[in-house]
S.K.: 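Sharing a structure below in structure tokens format, with a few things to ask.
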Amino acid sequence: MKFAVLVFPGSNCDRDMLNAALKTGVEAEYVDYRETSLQGFDGVLIPGGFSFGDYLRSGAMASVAPIINEVKRLAAEGKPVLGVCNGFQILTEIGLLPGALLHNDSHLFISRNEELEVVNNDTAFTNLYEQNEKVVYPIAHGEGHYYCTEDIYHSLKENNQIILKYVNNPNGSYDDIAGIVNKEGNVCGMMPHPERALEKLLGTDDGIKLFEAMVKSWREQHV
């Protein structure tokens with residue numbers, strides 16, 4: 001398996017994403033936002049940061065970058081796509097995930113570890129966790145309030161698309177939502193950073209299972 005780690009001007013978690021992928025024993029390479037092909041890649045990782053300085057709004061300018069058409073193609077082909085923090089914002093901007101990310105209710109940038117609950121462990125991203133397992137991932141965002149309409153929320157609930165919730169909501173997200181998947185289950189977005197939760201020495205290694213789950217799910221389909 002080979003992951004593409006997208007790099008935009010202002011990305012600052014691209015190295016963490018690459019390290020997380022490599023830690024599972026698969027291949028991974030950086031791909032510049034100006035590229036127009038993801039040929040040869042089996043999945044896409046969209047890192048956190050401040051793509052294009054968050055001008056206009058977070059993820060808006062990245063949504064029209066040349067590489068985005070290829071991200072959409074791989075998603076349509078059923079390949080795994082993971083967007084974390086700014087990556088989640090980009091996925092909502094390009095329509096691969098519903099809803100939007102608003103300013104935190106406090107209007108402050110929040111950077112700390114947060115406890116989360118895995119509320120759906122039957123996905124390609126969470127199948128190595130226990131149902132309702134509590135995990136700790138870092139958060140680092142100023143626009144992490146997940147917002148959606150009532151209709152979208154009911155659709156998310158009906159299709160079991162909500163995968164992670166905050167135990168103590170730090171930003172005002174609707175129904176404590178921290179991470180979701182698309183209806184097909186191959187596109188995932190979350191505000192917390194599993195790629196920063198790989199070593200107990202750094203406070204938590206709860207994130208590595210998410211990347212291992214992605215690899216496991218891919219291998220079950222292709223090997």
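Just so it is clear, the model here is predicted, and its values are computed rather than measured. Positions are given from 1, in the same order as the sequence printed here.
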S.K.: Can any side-chain N or O of S11 pair as donor or acceptor with the backbone N or O of P47 at less than 3.5 Å?
M.R.: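 Between the backbone of P47 and the side chain of S11 there is no qualifying donor-acceptor contact (under 3.5 Å).
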S.K.: Flag yes if more than 12 heavy atoms outside E220 fall under 6.0 Å of its CD atom; otherwise flag no.
M.R.: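 Atom CD in E220 is packed in, count exceeds 12.
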S.K.: Look only at the side chain of D206 and the backbone of V136, and say whether a donor-acceptor pair between them is shorter than 3.5 Å.
M.R.: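 Answer holds: yes.
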S.K.: Which is it for R196 and L202 under the side chain to side chain contact (heavy atoms under 4.5 Å, CB included) test, yes or no, and what are the steps along the way?
M.R.: CA-CA 8 Å; R196 295 185 184 179; L202 300 178; over 6 Å; no
S.K.: Is it true that a side-chain atom of S58 and a backbone atom of D54 form a donor plus acceptor pair closer than 3.5 Å?
M.R.: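 No: the side chain of S58 does not pair with the backbone of D54.
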S.K.: For G172, is there any backbone N or O sitting under 3.5 Å from a side-chain donor or acceptor partner on Y166?
M.R.: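 A pair under 3.5 Å: no.
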S.K.: Is there a donor in the side chain of N113 and an acceptor in the side chain of T204, or the other way round, less than 3.5 Å apart?
M.R.: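 No donor-acceptor contact under 3.5 Å links the two side chains.
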S.K.: Can you tell me if H193 and D16 form a side-chain donor-acceptor pair at under 3.5 Å?
M.R.: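 D16 and H193 do not have a side-chain donor-acceptor pair below 3.5 Å.
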S.K.: Just by modelled atom types, is the Y129 backbone N or O under 3.5 Å from a matching donor or acceptor in the N121 side chain?
M.R.: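 Judged by distance alone, yes, a pair lies under 3.5 Å.
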S.K.: Is the side chain of N104 donor-acceptor paired with the backbone N or O of G144 at a distance under 3.5 Å, no angle test?
M.R.: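 It does hold such a pair.
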S.K.: Any Lys/Arg nitrogen of E130 or K209 sitting under 4.0 Å from an Asp/Glu carboxylate oxygen of the other?
M.R.: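 Salt bridge: no.
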S.K.: Is the backbone N or O of S173 less than 3.5 Å from a side-chain atom of N171, with the two atoms forming a donor-acceptor pair by type?
M.R.: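 Checking the backbone N and O of S173 against the side chain of N171, a donor-acceptor pair under 3.5 Å is found.
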S.K.: Would you tell me whether E184 and N182 have side-chain atoms, one donor and one acceptor, within less than 3.5 Å of each other?
M.R.: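 Yes - a donor-acceptor pair under 3.5 Å links their side chains.
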S.K.: Between S51 (side chain only) and M61 (backbone N and O only), is there a donor and an acceptor less than 3.5 Å apart?
M.R.: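 No, because the side chain of S51 does not come within donor-acceptor range (under 3.5 Å) of the backbone of M61.
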S.K.: Under 3.5 Å, side chain of E27 to main-chain N/O of F3, donor-acceptor pair present?
M.R.: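 No; judged by distance alone, with no hydrogens or angles, the pair does not exist.
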S.K.: Side chains of D151 and T149: do they bring a donor and an acceptor to under 3.5 Å?
M.R.: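 Judged by distance alone, the side chains do not pair up.
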S.K.: Which residue, V5, L74, V187, forms the side chain to side chain contact (heavy atoms under 4.5 Å, CB included) with V44?
M.R.: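 Exactly one option meets the side chain to side chain contact (heavy atoms under 4.5 Å, CB included) with V44, and it is L74.
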S.K.: Give a yes or no on whether I163 and Y147 share a hydrophobic cluster (residues Ile, Leu, Val, Met, Phe, Trp, Tyr; joining criterion: side-chain heavy atoms under 4.5 Å apart).
M.R.: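 Cluster IDs for I163 and Y147 differ.
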S.K.: Is the centre of the Y33 ring less than 6.0 Å from the centre of the F52 ring?
M.R.: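 Yes; F52 has its ring centre under 6.0 Å from that of Y33.
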S.K.: Between the side chains of E150 and Y174, does any donor sit under 3.5 Å from an acceptor?
M.R.: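 Indeed, the side chains of E150 and Y174 share at least one donor-acceptor pair under 3.5 Å.
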S.K.: Is it the case that more than 12 heavy atoms not belonging to R73 sit under 6.0 Å from its CZ atom?
M.R.: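 Atom CZ in R73 is crowded, with more than 12 foreign heavy atoms closer than 6.0 Å.
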S.K.: Would the distance check show the side chain of E70 and the main-chain N or O of L38 forming a donor-acceptor pair, the cut-off being under 3.5 Å?
M.R.: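 Present.
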